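As structure tokens, the structure follows; a few thoughts come after it.
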Amino acid sequence: MRSQKIPTKENLKLSNEIDKLRVPKHIAIIMDGNGRWAIRKGLPRSFGHNKGVSVLKNIIKVSKNLDCKVLTVYAFSTENWTRPSKEVDFLINLFEKVLKKEISEIHQESIKIKFIGDLSPFPKALKSIISSSEALTENNKNFILNICVNYGGRQEIVQAAKEIAIKSSSGEIKPSDIDEQLFNSELLTHGIKDPELLIRTSGEKRISNFLLWQLAYSEIYITDVMWPDFNEIEFLKAIIDYQSRDRRFGGIQSLQNESCEDSNYSS
Ligand code: FPP
């Protein structure tokens, strides 16, 4: 994460185009296209996932430099279990291997890492490294990396509804207490403000059950570039595109100096 690259002409040009004060504070990413990228090169799909990890590392570094505060990435959906077991096993091993290798640097960089999703079906060894990594980085303040694994937006909403129903039937809350804020507090992303920008690579124009509640007003940027080819230049292009949007939130006027950060990013 710390390797210093000499900026290319294009990087410099795009960096100059960015309004540093309006960089999204929270960016969500659907890192898609690993498999197709590998197949097109005549390689096994696993090569795409391996390359995807190094791309993610680079994008974390670039995000931090731009003063973006939160990245939420979709690494494994509830639907991904339907893949051949060889690929599922590969991905599970990859998560474990990458965490083991990178956690000390993640901590040194003051990154707080959080896994979002139902971790129960994962092997003990992965659950254990996830829990120790989260505990180690819990108080880090520079940056938050949310990794969604065995995550599904609908499942998250159903789970939140269940929790609210339980609290309501036990008398802890009244049905009239239920509003967006209370609902939000039951989501796995509670305490983190919604992403201003969603990036999806590989040209697919779907949300694919990702952050269904949280993306309600996010700007969506879709690029044909496959995740293993995604880089700083493509990331800067996404942010420049975001900055060209007129964010009206259902109103008729752009919100000037919209606040991106009054929630507790470090919670
Ligand atoms: C989508 O490409 C990618 C995935 C399902 C896995 C993404 C995982 C990583 C990049 C590794 C991240 C690692 C850590 C530790 C967070 P795809 O396989 O769906 O590609 P395709 O659409 O071309 O088939």
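The residues of the chain are indexed from 1 along the displayed sequence. None of these values were measured; they are calculated from a predicted model. As the structure lists them, so they are numbered: ligands from 1, and atoms in each ligand from 1.
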Heavy-atom distances under 4.0 Å are what count here, so tell me which part of Ile147 touches ligand 1: side chain, backbone, both or neither.
-> side chain

Heavy-atom distance to atom 2 (O) of ligand 1: which of Leu56, Asn34, Ile29 wins?
-> Asn34

Between the side chains of Asn11 and Thr8, does any donor sit under 3.5 Å from an acceptor?
-> yes

Do Arg245 and Asp241 sit within salt-bridge range, that is, some charged N less than 4.0 Å from a carboxylate O?
-> yes

For Arg83, the ligand 1 atoms whose distance to one of its heavy atoms is below 4.0 Å = 5 (C), 17 (P), 18 (O), 19 (O)

What's the shortest distance from atom 8 (C) of ligand 1 to any protein heavy atom, and which residue and atom give it?
-> Ala75 O, 3.9 Å

Who's the nearest protein heavy-atom neighbour of atom 14 (C) of ligand 1, and how far?
-> Phe95 CD2, 3.8 Å

Picking from Glu156, Gln155, Arg154, what satisfies side chain to side chain donor-acceptor pair (under 3.5 Å) with Asn209?
-> Gln155

Gly33 to ligand 1, any heavy atom closer than 4.0 Å = yes

What part of Lys57 sits under 4.0 Å from ligand 1 if we count only heavy atoms: the side chain, the backbone, both or neither?
-> neither

Is there any N or O on Trp227 that sits under 3.5 Å from an N or O of ligand 1?
-> no

Within the 4.0 Å heavy-atom cut-off, what Asn80 brings close to ligand 1 is side chain

Going by the order shown, which atoms of ligand 1 are within less than 4.0 Å of some heavy atom of Val98?
-> 15 (C)

Give a yes-or-no answer on whether the side chains of Gln243 and Asp19 include a donor-acceptor pair shorter than 3.5 Å.
-> no

Can Lys57 and Glu105 be counted as an ion pair, charged N to O under 4.0 angstrom?
-> no

Would you say the side-chain atoms of Asn58 pair up with the backbone N or O of Val55, donor to acceptor, closer than 3.5 Å?
-> no

Just which atoms of ligand 1 are under 4.0 Å from any heavy atom in Val53?
-> 11 (C), 13 (C)

Do Glu10 and Lys13 sit within salt-bridge range, that is, some charged N less than 4.0 Å from a carboxylate O?
-> no

Common cluster, Ile30/Tyr221, ILVMFWY with side-chain heavy-atom separation under 4.5 Å = no

Kindly say whether the aromatic ring centers of Trp81 and Phe122 come within a distance under 6.0 Å.
-> yes

Look at the side-chain heavy atoms of Ile, Leu, Val, Met, Phe, Trp and Tyr, link any pair under 4.5 Å apart, and say whether Ile60 and Ile233 land in one connected group.
-> yes

Between Arg45 and ligand 1, which residue portion shows a heavy-atom distance shorter than 4.0 Å: side chain, backbone, both, or neither?
-> side chain

Closest protein heavy atom (residue, atom, distance) for atom 20 (O) of ligand 1 | Gly35 N, 3.0 Å

Numbered atoms of ligand 1 (with element) below 4.0 Å of Arg36, judged on heavy atoms = 21 (P), 22 (O), 23 (O)

Just going by heavy-atom distances, which of Met31, Glu96, Lys101, Glu87 is nearest to atom 3 (C) of ligand 1?
-> Met31

